[in-house]
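Heads up, the thing below is written out as structure tokens.
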Amino acid sequence: MKRLLFQGFFDRPVLEVAEGLLGKVLVHRRGKTLLHCIITEVEAYDGPEDKASHAHRGRTKRNAPMFGPAGHWYVYLVYGMHWMLNIITGPVGYPAAVLIRGVGEWNGPGKLTRALNIDQSFDAQRAVKETGLWIEDRGIVVPKSAIRHTKRIGVDYAGVVWAKKPYRFHILA
DNA sequence: TAAGTGATCTCT
DNA sequence: GAGATCACTTAA
């Protein structure tokens, strides 16, 4: 039982998508081998008001994918060495995305992208099989009781209101 | 706890 | 063009 997540899944409020992604499976094709990783930790970045979001000061060349259609990747380099993997949500023109922070055995967004060899070549690409990186529903059900909401990581600069939003979701170990 | 690292953005 | 910033990791 497996089903590719299509654009309709992502074209919803970002908080719904973020929570819904827990337990889904990130699939990466490298040559002929497929890597499957269960998504265990995510963060939501919601719209132009969100001071922790790259989009809060308007559209730039870097964050342009956030303003595009849902179901596309947004990949960028931070701290000069780590690629961050995000999936765009919501309607065109509304900048929102979910940062994939942890999958299965790799915790930490930088380790995840390094392990999967994810870089800017995926930026603004669609999350479908043709691009080599997509997300599937394999019927894994995560009980509500196993999901925790906490504040986001590494965004203290955004001021207390936005830095403390419970926009991080993770599955208990 | 602090350094490493470099693209991007905001001023000149 | 220069300077500051940054959705992190690792080694102490």
Side-chain angles (χ1 to χ4, degrees), chain A residues 5 9-24 26 28 35 37-91 93-127 133-135 147-173:
Chain A
L5 295 187
F9 178 90
F10 299 106
D11 194 1
R12 292 186 293 153
V14 67
L15 293 176
E16 282 183 28
V17 177
E19 191 156 357
L21 280 174
L22 293 176
K24 296 295 185 292
L26 180 68
H28 180 245
L35 274 162
C37 324
I38 299 176
I39 297 172
T40 54
E41 181 181 352
V42 297
E43 278 180 7
Y45 289 84
D46 188 16
E49 304 293 310
D50 185 349
K51 289 187 179 170
S53 169
H54 286 168
H56 94 276
R57 286 204 262 183
R59 182 177 185 140
T60 66
K61 189 175 180 185
R62 176 175 68 160
N63 66 26
M66 293 188 74
F67 293 80
H72 288 228
W73 298 114
Y74 169 41
V75 182
Y76 66 90
L77 188 68
V78 74
Y79 297 121
M81 49 184 99
H82 299 296
W83 295 103
M84 299 287 106
L85 177 65
N86 304 250
I87 186 84
I88 304 306
T89 74
Y94 184 83
V98 176
L99 169 66
I100 299 180
R101 291 190 59 89
V103 299
E105 54 272 55
W106 297 296
N107 294 318
K111 289 202 263 187
L112 151 63
T113 53
R114 193 181 59 188
L116 295 185
N117 227 23
I118 290 167
D119 62 19
Q120 69 204 3
S121 65
F122 290 99
D123 190 37
Q125 299 293 309
R126 290 180 66 204
L133 188 65
W134 67 94
I135 301 176
I147 297 177
R148 288 291 177 273
H149 301 194
T150 72
K151 76 185 196 93
R152 292 174 291 188
I153 306 295
V155 295
D156 287 343
Y157 64 88
V160 289
V161 173
W162 290 99
K164 289 190 173 176
K165 292 271 186 191
Y167 283 4
R168 170 170 171 258
F169 304 85
H170 69 277
I171 301 176
L172 289 179

How would you label the contact of A:Arg114 with the nucleic acid (heavy atoms, under 4.0 Å): base, sugar-phosphate, or nothing?
sugar-phosphate
Yes or no on side chain to side chain contact (heavy atoms under 4.5 Å, CB included) for A:Asp50 and A:Arg152, after CA distance, side-chain angles and deciding distance?
CA-CA 12 Å; A:Asp50 185 349; A:Arg152 292 174 291 188; 2.7 Å; yes
When you measure only distances, ignoring hydrogens and angles, does the side chain of A:His82 come within 3.5 Å of the base of C:dA7 through a donor and an acceptor?
no
Rounded to the nearest Å, what distance is computed from the [atom1] atom of residue [X] to the [atom2] atom of nucleotide [N]?
X        : N      : atom1 : atom2 : result
A:Arg57  : B:dC11 : CZ    : C1'   : 11 Å
A:Asp156 : B:dT1  : CG    : C1'   : 16 Å
A:Tyr157 : C:dC8  : OH    : P     : 9 Å
A:Ile118 : C:dC8  : CD1   : C1'   : 15 Å
A:Met84  : B:dT8  : CE    : P     : 15 Å
A:Leu85  : C:dC8  : CG    : P     : 14 Å
A:Ile153 : C:dC8  : CD1   : P     : 8 Å
A:Lys111 : C:dT9  : NZ    : P     : 7 Å

Under the 3.5 angstrom rule, does the side chain of [X] hit a backbone N or O of [Y] as a donor-acceptor pair?
X        : Y        : result
A:Lys24  : A:Gly20  : yes
A:Thr113 : A:Pro109 : yes
A:Glu43  : A:Val98  : no

Cut-off 3.5 Å, side chains only: do A:Tyr45 and A:Asn63 have a donor facing an acceptor?
no
Decide whether a cation-pi geometry holds between A:Arg12 and A:Phe9; the criteria are a distance under 6.0 Å from NZ or CZ to the six-membered ring centre and an angle within 45° of the ring axis.
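Yes; both conditions hold, so A:Arg12 lies above the ring face of A:Phe9.
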So what does the secondary structure string of DNA chain C come out as, 5' to 3', with Watson-Crick or wobble pairs under 3.5 angstrom, [ ] for crossing and | for pairs with another strand?
||||||.||||.
When you measure from the side-chain N and O atoms of A:Lys61 to the phosphate of B:dA7, is any distance below 4.0 Å, counting only OP1 and OP2?
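No, no such contact exists.
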Think A:Arg168 has a side-chain N or O under 4.0 angstrom from the OP1 or OP2 of C:dA7?
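The answer is no; no side-chain N or O of A:Arg168 sits under 4.0 Å from OP1 or OP2.
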Of the nucleotides C:dA7, C:dT10, B:dC9, which one has an atom closest to the side chain of A:Arg62?
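For A:Arg62, the side-chain atoms sit closest to B:dC9.
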Approximate separation, where rounding is to 0.5 Å, of A:Arg126 CZ and A:Ile88 CD1:
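Here the interatomic distance stands at 14.0 Å.
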Distance (rounded to the nearest 0.5 Å) between A:Leu85 CG and A:Ile100 CD1:
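It is 4.5 Å, given to the nearest 0.5 Å.
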Return a table of donor-acceptor pairs under 3.5 angstrom between the side chains of residues 71-84 of chain A and protein atoms on other chains or two or more places apart.
from, atom 1, to, atom 2, distance (Å)
A:His72, ND1, A:Ala124, O, 3.4
A:Trp73, NE1, A:Leu133, O, 3.1
A:Tyr74, OH, A:His54, ND1, 2.8

Near-strand residues of residues 68-81 of chain A, defined as heavy-atom separation under 4.0 angstrom from DNA chain B
A:Tyr79, A:Gly80, A:Met81
